Asker: 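The structure that follows is given in the form of structure tokens.
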Number of protein chains: 2
Amino acid sequence: MSATKEVVVRLTKYKNVLEKLRSLGFVKVFSDNLADAVGVSPALVRKDFSVFGLTGKKRAGYQVDDLIAQLNRILGVDEVQRVIVVGCGKIGTALMRYRGFARERIRVVAGFDVDPSKIDPNAPIPIRDINEMPYIVKSEKIQVAILAVPETVAAQVAEALIAAGIRGILNFAPILLKSQNNVVVQNINIALELENLFCLLRFAEQGLDRGRP
Amino acid sequence: MSATKEVVVRLTKYKNVLEKLRSLGFVKVFSDNLADAVGVSPALVRKDFSVFGLTGKKRAGYQVDDLIAQLNRILGVDEVQRVIVVGCGKIGTALMRYRGFARERIRVVAGFDVDPSKIDPNAPIPIRDINEMPYIVKSEKIQVAILAVPETVAAQVAEALIAAGIRGILNFAPILLKSQNNVVVQNINIALELENLFCLLRFAEQGLDRGRP
DNA sequence: CGCAATATGTGAAATCCTTCACGAGTGAGC
DNA sequence: GCTCACTCGTGAAGGATTTCACATATTGCG
């Protein structure tokens, strides 16, 4: 049943919430709880689950352990996910050392840059020359890359990544990369998000209609 | 006319594309061009514009200059937008120095942290003690904050921000802050985005239905 | 100057997504 | 063990958003 991107996003959110609940000692959970935590309606939680055959019991809700196991199976994130970071500027290095990744079973295998002064193959997370990227991608069977290079070279580096066999890109460069022919792209444009925030504020303040007078 | 968040996001994207086009010397533009660049259908571009009374000419498309001016008016981003960064760890400092902000007329006024060793009020962008945050927010009339603190204190710091008068938060901490009572929150959960990327890849590979057998 | 090509603007249709509402089990309490 | 309040699962209804399709206007060109 065509699962859209939004559904996958929600499933992942459910899973994260469930893991927090489990660490707090929860054993069962109701659709209301998950709905609150994720910010959707209870009906939608149940609907999402039903699409994937996740079932609970009529008065006992869902078993937390069970649900996590099922979600992991569905989402396919049982093992550690390996990723590379391309572009080791400010954002790139910050991401390489980001602690949040460990908790989610994500491991940064290596960083890449063009600047020779940044290269350090002996660091805990090695930083290599961008020219080595294709070999590492192949030998390590890397599928996903975080792109954090300047705007001017972003498109070109993205193509190099795809050519090297990368199948998913998390793009922090301020250009809109398009998902095409079996390469999935997720764009995170920080400046754009901020701009939107300002706009939404503005709209929230003075009503939503600002068309012709 | 109830403008949803999605419409605002698209308008901002149009504006960004238009500015790139203008810098390339374009004078007029068609809905097709914008649609391609933003990844939507031409009809939607026209519909979005019509909602806000943005009009073009029947065979000449839209005037780039004109359109940008109108969008700026509608989106309310004529002047420089000022923002603070709370939490000057890896991500926080990277954001403080992020170049993409300058281009979008966003200025980071100050950073805040609890760690005394990080404080440096004389830096180009000063880093101050978090306790000074409420005063700076008030005196500088700051409305928007970027939140980049560890998970454990994120909720608490967010409350402090709201109490100090902040009206919009761009949240990089891995908890879901909820937009409530006239505070707009935009969550960017990097680990979650990566997880989603892996899942989408997985789904793209082996079809979308993975429910009961 | 008139025509034909082309792009806009918009009501109507279609599609997609969410919520509603209710039947049906089920666990807890007495 | 019986009852009852409670929660799931789901078809149908409802909304919202996007696309369609075409009348209409404009411009370039012969």
Side-chain angles (χ1 to χ4, degrees), chain A residues 1-14 17-18 21 26-67 70-71 74 196 200 203 208-209 211-212, chain B residues 1-14 17-18 21 26-67 70-71 74 178-179 196 200 203 208-209 211-212:
Chain A
M1 285 311 196
S2 72
T4 64
K5 191 169 154 183
E6 271 88 48
V7 180
V8 174
V9 170
R10 284 201 301 271
L11 288 184
T12 312
K13 285 183 181 173
Y14 300 145
V17 170
L18 284 165
L21 290 177
F26 281 63
V27 171
K28 65 183 184 181
V29 68
F30 302 124
S31 57
D32 298 44
N33 307 140
L34 288 171
D36 281 353
V38 171
V40 300
S41 76
L44 186 53
V45 175
R46 299 200 296 273
K47 194 72 126 185
D48 283 343
F49 284 0
S50 93
V51 168
F52 289 90
L54 300 175
T55 102
K57 286 195 172 173
K58 285 283 158 95
R59 191 162 165 202
Y62 303 86
Q63 293 296 113
V64 174
D65 266 333
D66 201 44
L67 211 44
Q70 301 266 335
L71 282 171
I74 291 166
N196 284 333
L200 290 171
F203 279 111
L208 292 166
D209 53 331
R212 65 197 106 185
Chain B
M1 289 312 186
S2 75
T4 64
K5 191 168 153 182
E6 270 87 49
V7 180
V8 174
V9 170
R10 284 202 300 271
L11 288 184
T12 313
K13 285 183 181 172
Y14 300 145
V17 170
L18 284 164
L21 290 177
F26 280 64
V27 171
K28 66 183 182 181
V29 68
F30 303 123
S31 57
D32 298 44
N33 308 139
L34 288 171
D36 281 352
V38 171
V40 300
S41 76
L44 185 53
V45 174
R46 297 201 297 272
K47 195 71 130 185
D48 283 343
F49 284 0
S50 93
V51 168
F52 289 89
L54 300 175
T55 101
K57 285 195 172 174
K58 286 283 157 98
R59 198 176 156 188
Y62 303 85
Q63 293 296 112
V64 173
D65 266 333
D66 202 43
L67 210 44
Q70 301 267 335
L71 282 171
I74 290 166
K178 302 228 186 76
S179 306
N196 284 332
L200 290 171
F203 278 110
L208 292 166
D209 52 332
R212 66 196 104 188

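Naming: A, B, ... by sequence-line order, numbering from 1 per chain. In this text, all values refer to a predicted model and were calculated from it rather than measured experimentally.
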Asker: If only side-chain N and O atoms of Arg59(B) are considered, is one of them under 4.0 Å from the OP1 or OP2 phosphate oxygen of dA25(D)?
Answerer: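 Answer no for this pair, as no side-chain N or O of Arg59(B) is under 4.0 Å from OP1 or OP2.
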
Asker: For Phe30(A) and dG27(C), what is the distance between atoms CZ and P respectively, to the nearest whole Å?
Answerer: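 Answer to the nearest Å: 11 Å.
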
Asker: How many Å lie between NZ on Lys47(A) and P on dT18(C), as a whole number?
Answerer: 11 Å

Asker: Would you sort out whether Leu71(B) and Leu18(B) count as a side-chain contact (heavy atoms from CB on, under 4.5 Å), showing the intermediate values?
Answerer: CA-CA 10 Å; Leu71(B) 282 171; Leu18(B) 284 164; 3.6 Å; yes

Asker: Under a 4.5 Å cut-off applied to non-hydrogen side-chain atoms, are Leu44(A) and Arg10(A) in contact?
Answerer: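 Yes; the side chains approach each other to less than 4.5 Å.
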
Asker: Could you check whether Phe49(A) gets within reach of a base, just the sugar-phosphate, or nothing at all, counting any heavy atom under 4.0 Å?
Answerer: nothing

Asker: Within less than 4.0 Å of OP1 or OP2 of dT19(C), is there a side-chain N or O belonging to Ser41(A)?
Answerer: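 For dT19(C), OP1 or OP2 has a side-chain N or O of Ser41(A) closer than 4.0 Å.
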
Asker: Establish, with yes or no, whether the OP1 or OP2 oxygen of dG9(C) is under 4.0 angstrom from a side-chain nitrogen or oxygen of Tyr62(B).
Answerer: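 The answer is yes; a side-chain N or O of Tyr62(B) sits under 4.0 Å from OP1 or OP2.
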
Asker: Between Phe52(B) (CZ) and dG9(C) (C1'), how many Å, whole number?
Answerer: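 These atoms are roughly 16 Å apart.
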
Asker: Respond yes when some side-chain nitrogen or oxygen of Thr4(A) is under 4.0 Å from OP1 or OP2 of dC16(C), and no when none is.
Answerer: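 It does not, given that no N or O in the side chain of Thr4(A) lies less than 4.0 Å from OP1 or OP2 of dC16(C).
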
Asker: Rounded to whole angstrom units, what separation is found between the CZ atom of Arg46(B) and the P atom of dT6(C)?
Answerer: 15 Å

Asker: Judged by each residue's nearest nucleotide on DNA chain C, which is more toward the 5′ side, Glu6(A) or Lys28(A)?
Answerer: Glu6(A)

Asker: Specify the residue among Asp32(B) and Ala43(A) whose closest nucleotide of DNA chain C lies further upstream toward the 5′ end.
Answerer: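 Between the two, 5'-proximity favours Asp32(B).
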
Asker: For Leu54(B) and dT10(C), give me the distance from atom CG to atom C1', rounded to whole Å.
Answerer: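 Taking atom C1' of dT10(C) as the reference, CG of Leu54(B) is at 15 Å.
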
Asker: Side-chain N or O of Thr55(A) less than 4.0 angstrom from OP1 or OP2 on dG9(D)?
Answerer: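 Looking at the OP1 and OP2 atoms of dG9(D), one of them is under 4.0 Å from a side-chain N or O of Thr55(A).
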
Asker: What distance separates Asn33(A) CG from Lys28(A) NZ, expressed to the nearest 0.5 Å?
Answerer: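 These two atoms lie 10.5 Å from each other.
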
Asker: Classify the side chain of Lys57(B) and the base of dG9(C) as holding, or not holding, a donor-acceptor pair under 3.5 Å.
Answerer: no

Asker: What's the closest nucleotide to the side chain of Leu44(A) if the choices are dA21(C), dT27(D), dT18(C)?
Answerer: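 Closest nucleotide to the Leu44(A) side chain: dT18(C).
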
Asker: Using OP1 and OP2 only, check whether a side-chain N or O of Ser31(B) sits under 4.0 Å from dT8(C).
Answerer: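 Checking dT8(C) against Ser31(B), a side-chain N or O does come within under 4.0 Å of OP1 or OP2.
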
Asker: May I ask you to test the Leu54(A)-Ile74(A) pair for a side-chain heavy-atom distance under 4.5 Å?
Answerer: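 Sidechains of Ile74(A) and Leu54(A): in contact.
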
Asker: With respect to Tyr62(A), which candidate in Phe26(A), Phe30(A), Phe49(A) satisfies the ring-ring contact (aromatic ring centres under 6.0 Å, His included) definition?
Answerer: Phe49(A)

Asker: Measure from CG on Asp36(A) to P on dT7(D) and round the result to the nearest Å.
Answerer: 13 Å

Asker: Quiz question: going by heavy-atom distance under 3.5 Å, is there a donor-acceptor pair between the base of dT26(C) and the side chain of Lys58(A)?
Answerer: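 Counting by modelled atom types and ignoring angles, no donor-acceptor contact under 3.5 Å is found here.
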
Asker: Can you tell me how far P of dC8(D) sits from CG of Asp48(A), to the nearest Å?
Answerer: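 The distance from CG of Asp48(A) to P of dC8(D) comes to 14 Å, rounded to the nearest Å.
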
Asker: Without decimals, in angstroms, what is the distance between Arg10(A) CZ and dC17(C) P?
Answerer: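 Rounded to whole Å, this separation is 9 Å.
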
